[in-house]
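A single structure is presented below for examination.
Below, chain A is the first sequence line, B the second, and so on; all start at residue 1. Bear in mind the structure is a predicted one, so any value in this text is a computation, not a measurement.
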Amino acid sequence: MKNYDHTKIERKWQKEWEAKKLYHAKTKAKGKKFYGLIEFPYPSGSGLHVGHIRSNTAMDIITRKRRMEGYNVLYPIGWDAFGLPTENYAIKTGKQPEKVTKENTDMFRKQLKACGFGFDWSREINTTNPAYYKWTQWIFLQFYKKGLAYKTKTMINWCPKDKIGLANEEVVNGRCDRCDGPVEKREKEQWMLAITKYADRLDKDLDDVNYLEKIKIQQRNWIGKSEGSEIDFTIKNFPEKVTVFTTRADTLYSAFAVILAPEHSLVESLKGQIENWSDVEKYISDVKKKTDIERTAEDKEKTGIELKGIRAINPINNEEIPVWIADFVLVHYGTGAIFADIHDERDHAFGKKYGLPMRRSIEPVFHASDHPIRDGLPVIKRNAICAVIRNPKDDTYLCSVWRDMHMHGLITGGVEDGEDMVKAAMREIYEETGYKNVKLVNNPDIAIHSTFFHRKKQENRWARFQYMFFDLIDKEKDEIDEKEAAIHDVVWKKRSELDNFFSVVEGEFVLNLIDTGDYIHTGEGILSNSGPHTGMTSEEARKKITEAIGGKIVTKYKLRDWVFSRQRYWGEPIPIIHCQICGYVPVPEKDLPILLPKVKSYTPTDTGESPLAAISTWVNTTCPHCKGKAKRETDTMPNWAGSSWYYLRYTDSKNKKEFASPKALSYWMSKKSGGVDWYNGGMEHTTLHLLYSRFWHKFLYDLKLVPTHEPYMKRTSHGMILADDGSKISKSKENGVNPIDVIKTYGADTLRVHEMFMGPFDQAVPWNSESLIGSRRFLEKVWRAATLLETKNKNSHKEIEKTLHKTIKKVTEDIETMSFNTAVSSMMVLVNEIEKQKEISRKDFMMFLRILCPFAPFIAEELWHQMGEKKSIHRAPWPAYDSQKIIDEEITIVFQVNGRVRTERKIPRDLSEEEIKALAISDSVVIPWIDGKEIKKIIYVPGRLVNIVV
RNA sequence: GCCGGGGUGGCGAAAUUGGUAGACGCAUCAGUCUUAGGAACUGACGAGAGAAAUCUUGUGGAGGUUCAAGUCCUCUCCCCGGCACCA
C-alpha cells in the first residue's frame with residue numbers, strides 16, 4: 001500500500017460522490033427524515049476562513065451519522081447574497097453586484113466542496129436570484145395585506161457614513177454595526193414590520209422548542225416581557241389625563257411626580273397652559289438634537305424640566321403632584337409616561353437633583369437565616385425600635401453583644417402598645433445600657449421588618465424595627481439591671497470596627513444607614529404610609545391598588561417593530577406602488593418579481609433616497625388600481641429578509657408556482673417532527689435572524705402556509721474560532737486562515753478532525769496551525785493500521801475489541817451532545833492501542849471506519865474501498881456497540897486511607913464487597929498506614945475505591 | 001448596573017456529575033533510525049523533595065459541608081459574551 005496521499009484521495013471521492021449524487025435528498029411521502037441546517041453564508045470577497053466551517057463540519061458529522069442511522073437526510077446550502085459589503089465593493093470597483101456575487105459564490109462553492117461537506121448542491125439557493133426574491137416579495141405582500149407591513153414617519157437610526165437607516169439591532173452602543181461610526185436620529189418615512197404583534201407568542205413558544213437555554217434567555221431578554229399596571233392620573237383643572245405604566249403599583253403612595261417623555265402627545269396638547277413653555281420647548285429641541293451616544297454618555301445624569309402650571313392628581317390619595325418631562329423617559333416604551341417614586345433608584349436620584357419632596361412607602365423585610373421562623377408555630381408581631389447611638393466626642397457607636405447567642409447588634413427593644421416611639425427608644429437605651437443623657441438627632445421614618453425564631457422565648461417573631469439616631473451627651477450612667485447585664489455586654493465600637501461586626505442579616509443595611517443616614521429600598525417589602533394598604537406585601541398591594549383606582553393589569557414588551565426599509569440598491573425592491581389617487585397599492589402578485597433595474601451608479605445619496613430613485617424609467621409606472629400615474633417604492637428590503645424564510649425554500653427550491661409545495665413542506669417540516677430538526681448557528685444571530693425568521697414563520701403558519709408553528713425544533717450554537725493571538729478574525733486584519741491552504745498541505749480530513757478536536761464546540765478557541773499536525777498524525781496512524789490488517793487478518797484481538805466498543809459508544813453519544821473533541825480523542829486512544837498491539841481484525845477495523853467516516857469522510861471512504869467494499873461507506877449502517885464486550889474482567893480499585901490514595905490494585909470483577917475490603921486492609925502498602933490505629937469505617941464505592949477511615 | 005459563560009500543566013484541554021486530577025493532542029527533553037536536516041518511532045513530561053521506592057503539595061482566592069470536593073454551599077477576585085435610562 002502506498003503512502004497516504006490526501007490530495008489524490010480527496011479529488012477522487014469528491015468527483016465520485018458528485019457523479020453518484022450521494023448526498024441528494026429525495027422528497028418522499030413518508031419515512032424517517034432528518035433536516036439539518038446551518039446558516040447559509042454571505043459570499044464576501046475575502047472568501048471563507050477556517051472559522052466559518054466549524055458549524056458546517058459539526059452539522060456535516062451529525063447529518064452523516066443520521067444517514068447511516070437510516071434517516072432520509074436534507075443538508076442544504078445556499079447564499080445570502082444581498083447586502084452592503086457587495087454593494088460597497090461594487091461602488092468601489094464599478095463592477096456590477098450580480099457579477100461580484102457570481103465570482104464570490106463560485107469561490108465559496110469551491111472551498112466548501114473541497115472540505116467534503118455532504119451538501120445537497122441540487123437545492124442550492126441564492127437570495128439575489130429573481131426566482132428566489134420573487135417569493136421574498138410575495139411574502140412581504142402578504143404582510144402588507146394583513147396590515148403587518150406599514151409605512152410610517154419615525155425617528156430612525158441613521159448612519160451618515162453608510163447613508164443608510166439601521167434597525168435597532170444594527171446599532172451597537174450608539175454606533176453603526178457595520179462601519180462603527182456614530183449613529184444619528186433622523187425622521188423618515190419607513191416601512192415597518194409589526195413583529196411586536198407576535199411578541200407574546202415569540203416569548204411563550206420558546207417553551208415548545210429545544211434551544212440551548214442561553215439562546216432562550218437571550219431572546220426572552222430581548223423581547224423583554226414585563227407585567228404591570230396602567231394607571232390614569234387626571235390633570236388638575238383640565239379634561240386631559242395621562243396614563244402611566246408601572247410594574248410597581250405598590251409604590252403608588254410615594255409617587256412624587258408624573259414624568260412624561262419629551263415626545264409625549266400631552267406636551268403638545270397642553271402647550272397653551274404650560275407657563276414656562278419657551279423653556280420647555282428649548283429643552284425638547286435640545287433632546288432631539290442629541291445622538292444616542294450623547295444621550296447615554298453624559299455620565300448618566302438625569303435631566304428634565306417641570307411643566308409649570310400643570311398638576312397631576314394621584315388617583316390613590318388625590319394628592320397633587322407636579323408634572324415633568326425628562327429624556328430618560330422613553331416615548332416608545334410603556335405609555336411614554338411614568339410616575340416617579342422614591343423606591344426607584346433613578347427616580348430617587350431625579351427627585352433629589354431637583355429637590356422634590358419624597359416620601360417612603362415600602363419597608364424591606366429581612367429573614368434571619370441562622371434561626372429562621374419555624375413551621376407550625378404562630379408568628380407573633382411586635383413593634384420595636386433600633387437606636388443608632390453615637391458618641392460625637394470619639395465617633396464611636398454603642399453596640400450590644402449577646403453572650404450566649406453570639407449575636408452582635410445595635411440597641412433594640414420592644415415598644416408597648418400606644419407608647420411613643422422616641423420615648424420607648426429612650427427607655428430601652430436606659431434599661432439596656434444605663435446611659436442617662438442622650439438626645440435624638442434624627443428620626444428619618446426608616447423601618448425594616450425582620451422575621452426570626454426567638455430562641456429564648458421559643459416563638460416565631462415578626463418585628464418592625466424603626467431606626468432612630470441619637471447622640472450621647474455625656475457618659476453619666478446608672479448600673480443596669482443584673483438580669484440584663486447577664487445577657488449582654490454593651491460596647492463602644494469605632495465605625496471601622498463595625499464592618500464585620502454585625503451578625504444580623506440586615507447588617508449591610510445598618511452600615512449603609514450609619515454612613516449615609518438614609519436608605520433607599522428598591523426591592524419589594526411591606527407597605528407603609530399607604531392608607532388602607534399599609535401593612536400589605538408588595539405583591540398583594542399591586543393587585544389591590546390597581547383594582548382600587550380602576551387601573552388595568554397589562555403586559556408590555558421592550559421589542560419594537562422592525563424597520564424594514566433600506567435606502568440602498570442591492571436588496572429586494574419593496575413591491576409597492578405610490579399612486580397619487582389611491583395611495584399605497586401593492587404590486588399585483590402576477591407582476592412579481594419586481595426586478596432590480598440595471599443602474600449606472602450604486603452610490604447612495606445623502607438625501608436618504610435609494611439610487612433606484614434616480615432611474616425614472618423604472619420608478620414611473622401606472623397604478624394597477626386606477627391606471628393613473630404612479631411611482632414605485634424605491635426603498636429595498638434589509639438583508640434579513642431573504643434569510644427569514646430560506647429554510648422553507650430548500651424543501652422545494654425549484655418550485656415556480658409556490659415558495660414551496662405543501663407536499664415538500666409537510667414532509668421535511670412535518671407537524672410530527674416540528675420543523676427543521678437541528679439548526680446550528682452563531683450566537684450573534686440570536687436576536688436578529690433567529691428571531692426574525694421565527695416571526696415570519698409564525699405569520700406564514702397563521703396563513704396556513706407552513707405546517708408548524710415554529711421553524712426550528714432544535715437550535716445549538718458554536719463558539720467562534722479566534723485568530724492565533726486570541727483576537728477576532730477580521731477582514732481588515734487579514735488574520736484569517738484560508739481552509740484551502742490547510743487542505744493543500746494536510747488535507748480536508750485533517751482540517752475537519754482538527755476543527756472538531758481543538759476544544760469544546762460551544763466555546764471560542766484560538767486557531768493554532770502548529771497543533772494541526774496532531775490530527776494529521778492520527779490519520780496517518782489510521783492509514784498504517786490498514787497496513788497491519790493486510791498481514792494479520794484474523795479474529796478480534798480481545799483488548800482491541802473492548803476498546804473499539806467503548807469507542808463506538810463514546811462517539812455515538814458524543815456526536816449527539818456535540819462533544820466532538822472527546823469523540824476524536826477516544827478514536828485516537830483506539831488507534832494508539834491498535835499501533836501498540838500491532839494488529840486488528842478486518843471486521844473490527846471496518847467498524848472503526850464507520851464511526852470515523854463522519855469526521856474524515858475521504859480517508860474512510862478510500863480505506864473502505866481498499867478493503868474491497870463496493871458501496872460508499874456513507875451509506876453503510878452506523879455500528880452498534882456490544883455492551884457485553886465493554887465489560888472489564890479485571891477492575892482497578894484504589895485503596896485510600898483517610899481519603900488519600902495509597903495504592904491501586906487490579907482485582908477480578910466478581911469479588912464481593914467483603915472480599916475487596918478484606919484485600920484492602922491486608923494490602924502491604926496499606927498496612928503501614930493503618931497499623932496500630934483503630935479502623936472507624938470502611939467505605940466501598942463499587943468498581944472504584946475502598947476508603948479506610950482510621 | 002443587569003443577564004449569560006468561563007478561570008485546571010508551557011499551550012489547547014479531559015474528568016463517568018461527589019470517588020485515582022491532568023485522558024487525548026501540541027510544544028519541550030532524552031533515545032532509535034538517518035551523511036545531515038526533517039519525518040517517523042520509543043520513552044519522560046504539574047510543582048517541590050529523593051538515587052529510587054515513595055512522600056508532600058496542587059484545579060483564581062478565602063472559608064465551610066463530607067470518609068472523600070475541580071465538582072456541593074457561603075463570600076470574593078479576574079476574564080469573555082450579551083443587554084443597558086425598558087419604569
request  = Evaluate the ring planes of Phe339(A) and Phe233(A), with Trp represented by its six-membered ring, and classify them as parallel (under 30°), tilted (30 to 60°) or perpendicular (over 60°).
outcome  = tilted
task = Could you classify U34(B) for me, syn or anti, using a glycosidic angle within 90° of 0 as syn?
result =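 Glycosidic conformation of U34(B): anti.
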Nucleotide forming a Watson-Crick or wobble pair with U42(B), both distances under 3.5 Å =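 WC or wobble partner is A30(B).
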task = Ignoring backbone atoms, test whether Lys937(A) places a side-chain nitrogen or oxygen under 4.0 Å from the OP1 or OP2 oxygen of C67(B).
result = yes
task = Return no unless some side-chain N or O of Arg900(A) is found under 4.0 Å from OP1 or OP2 of C55(B).
result = no
message = In this structure, how many angstroms lie between the C1' atom of C11(B) and the CE atom of Met758(A), rounded?
response = 12 Å
key: Side chains of His6(A) and Arg776(A), donor plus acceptor under 3.5 Å   =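 Judged by distance alone, the side chains do pair up.
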ask   = Phosphate oxygens OP1/OP2 of A13(B): is one of them under 4.0 Å from a side-chain N or O of Ser825(A)?
value =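 Indeed not, no polar side-chain atom of Ser825(A) lies that close.
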request  = For G37(B), measure the glycosidic angle (O4'-C1'-N9-C4 for a purine, O4'-C1'-N1-C2 for a pyrimidine) and name it syn if it falls within 90° of 0, otherwise anti.
outcome  = anti
query = According to the interplanar angle, ranging from 0 to 90°, do the rings of Phe820(A) and Phe855(A) count as parallel (below 30°), tilted (30 to 60°) or perpendicular (above 60°)?
reply = perpendicular
task = For Glu904(A), answer base if it contacts any base atom (sugar-phosphate contacts may also be present), sugar-phosphate if it contacts only those atoms, and nothing otherwise; contact means non-hydrogen atoms under 4.0 Å.
result = base
task = Establish, with yes or no, whether the OP1 or OP2 oxygen of U56(B) is under 4.0 angstrom from a side-chain nitrogen or oxygen of Arg902(A).
result = yes
Base-pairing assignment for G22(B) (Watson-Crick or G-U wobble, both under 3.5 Å) =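 By the stated definition (distances under 3.5 Å), nothing pairs with G22(B).
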task = Using Watson-Crick or G-U wobble geometry with both distances below 3.5 Å, tell me the partner of C2(B), or none.
result = G82(B)
query = Is the Tyr519(A) ring parallel, tilted or perpendicular to the His521(A) ring (thresholds 30°, 60°)?
reply =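 If you compare the ring of Tyr519(A) with that of His521(A), the planes turn out parallel.
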task = Establish, with yes or no, whether the OP1 or OP2 oxygen of A14(B) is under 4.0 angstrom from a side-chain nitrogen or oxygen of Asn821(A).
result = yes
message = Taking pairing as Watson-Crick or G-U wobble with both contacts under 3.5 Å, can you name the mate of G37(B), or confirm there isn't one?
response =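 Across any shown strand, G37(B) pairs with none.
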inquiry  = Let's test this: given Watson-Crick or G-U wobble pairing with both distances under 3.5 Å, identify the partner of C75(B).
reply    = G61(B)
request  = Return yes if the base of U16(B) and the side-chain atoms of Arg944(A) contain a donor-acceptor N/O pair under 3.5 Å, otherwise no.
outcome  = yes
key: Plane angle bin for Phe350(A) and Phe328(A) - parallel if under 30°, tilted between 30 and 60°, otherwise perpendicular   = perpendicular
ask   = Whole Å only: how far is the CG atom of Asn221(A) from the P atom of C83(B)?
value = 10 Å
key: Counterpart base for C55(B), defined by Watson-Crick or G-U wobble contacts under 3.5 Å   = G48(B)
inquiry  = Suppose you measure atom C1' in C72(B) against the same atom in G81(B); what distance do you get, rounded to whole Å?
reply    =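 So the two C1' atoms sit 27 Å from each other.
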ask   = Now, which nucleotide makes the Watson-Crick or G-U wobble pair with U66(B), with each of the two distances under 3.5 Å?
value =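 Its partner is none (no Watson-Crick or G-U wobble pair with both distances under 3.5 Å).
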task = Using whole Å, report how far CG of Asn768(A) lies from P of A13(B).
result =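 Computing the Asn768(A):CG to A13(B):P distance gives 11 Å.
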